[in-house]
J.: 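Shown below is the structure under consideration.
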Amino acid sequence: MKRPFILFLFFVVATTVKSQIPIWQGTAECAPHVTLEPFLPIGTRPSTAIIICPGGSYHWLDMQTEGVEVARWLQANGIAAFVLRYRVAGVAAFITHYRLLTRGHRHPDMLRDVQRALQLVRERAAEWNVDTAHVGVMGFSAGGHLAMASAAFAATNFLAPLGIYPAVSLHPDFVAPLYPVVTLADKRYVHRRSRRGLLGEWGKGSRCMRDSLSLEKHIPTDCPPVFLMNCVDDPVVKYQNAVLLDSALTARAIPHLYIQYRTGGHGFGASKVKGTAECREWKTAFLSWLHQLFP
């Protein structure tokens, strides 16, 4: 076997080898199916890291278009990507109303999962060659709500009831909510399926719960920089969700970039074929924004 081929084979293996890490193993939390899947770039300098939260109305997860494909794109651009398989209500909860009788998965399970992911990425930064000051969260649709929530509610340690008090920060250094669910309270724009998935059959009717997780109402003064994107022709999550978030970030003077495309719809993630040529430009815009954030 020739030396160049051996080097090529090593490169392919090094850039594609990954494993799904059960993030709650060894803790009091019983959630064995919650995993973090790393996609690590080749390089000697510590890289920026992004935890990816796929969408799916808080009922399921689009692990391919809004998970693995996004991770591979980031990896190819020198960014360490970590796909988070967080807890969702599940298809059974979508079809039936069984959570009227039992808890199932609902808030704060999802926030707990993303905070645990932030903890692990920072604690294992040396192993994964990650810069602990450059750890962000990116999410799509309902995952965009979760990504933004990780910043909006970072001051609350949702791990504390489990006896976990991390020595590392649970604050993301930046967030990227993409065509996100934002409001749970404004009936004009709310995505009801996501609200039901997150809050459960009882919580979805609680004004207090709706208000408490409507992101436009809870932007903290120490919110990290935000990259926000959606499309006016989105047929699933009304584009006004992002407009509400943009207004809230502006009112708080939070550094952010909001890009609103005319076309593209919903659910295109990092696909090279889904959506439109216009909306797929978000990837170039994001990398440019990130480079300006961390020159």
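Just so you know, residue 1 is the first one in the sequence shown, and it goes up from there.
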J.: I'd like to know whether CD of Q25 has more than 12 heavy-atom contacts from other residues, nucleotides or ligands below 6.0 angstrom.
T.: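 Counting neighbours around CD of Q25, 12 or fewer heavy atoms of other residues, nucleotides or ligands fall under 6.0 Å, so no.
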
J.: Yes or no on side-chain hydrogen bond (donor to acceptor under 3.5 Å, both in side chains) for S141 and H266, after CA distance, side-chain angles and deciding distance?
T.: CA-CA 8 Å; S141 193; H266 191 87; 2.9 Å; yes

J.: Using 30° and 60° as the class boundaries, would you call the ring planes of Y58 and Y86 parallel, tilted or perpendicular?
T.: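 The rings of Y58 and Y86 stand perpendicular, inter-plane angle above 60°.
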
J.: Do the side chain of T183 and the main chain of S214 share a donor and acceptor less than 3.5 angstrom apart?
T.: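 No, the answer is negative, given that no donor and acceptor are paired below the 3.5 Å cut-off.
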
J.: Can you find a heavy atom in the side chain of M110 that is under 4.5 Å from one in the side chain of L198?
T.: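 Result yes, sub-4.5 Å side-chain heavy-atom pair found.
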
J.: Quick one: does any side-chain atom of Q75 pair with a main-chain N or O of A81 as donor and acceptor, under 3.5 Å?
T.: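 Looks like no, no N/O pair under 3.5 Å.
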
J.: Side chains of Y239 and D233, heavy atoms from C-beta outward: is any pair under 4.5 Å?
T.: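 The answer is no; the side chains never approach within 4.5 Å.
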
J.: If you count heavy atoms of other groups shown closer than 6.0 angstrom to CZ of R45, is the number above 12?
T.: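 At most 12 heavy atoms, drawn from other residues, nucleotides or ligands, come within 6.0 Å of this atom.
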
J.: I need the single residue from E201, R99, R87 that forms a side-chain contact (heavy atoms from CB on, under 4.5 Å) with R106. Which is it?
T.: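 For R106, the side-chain contact (heavy atoms from CB on, under 4.5 Å) test succeeds with only one of E201, R99, R87, which is R99.
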
J.: How many angstroms lie between CZ in F174 and CE in M138, if you round to the nearest 0.5 Å?
T.: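 Nearest 0.5 Å value for the CZ-CE distance: 7.0 Å.
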
J.: Does P38 reach the side chain of I21, with side-chain heavy atoms less than 4.5 Å apart?
T.: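 In contact.
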
J.: Below 4.5 Å, heavy atoms only, C-beta onward: do P54 and F140 meet side chain to side chain?
T.: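 No, side chains not in contact.
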
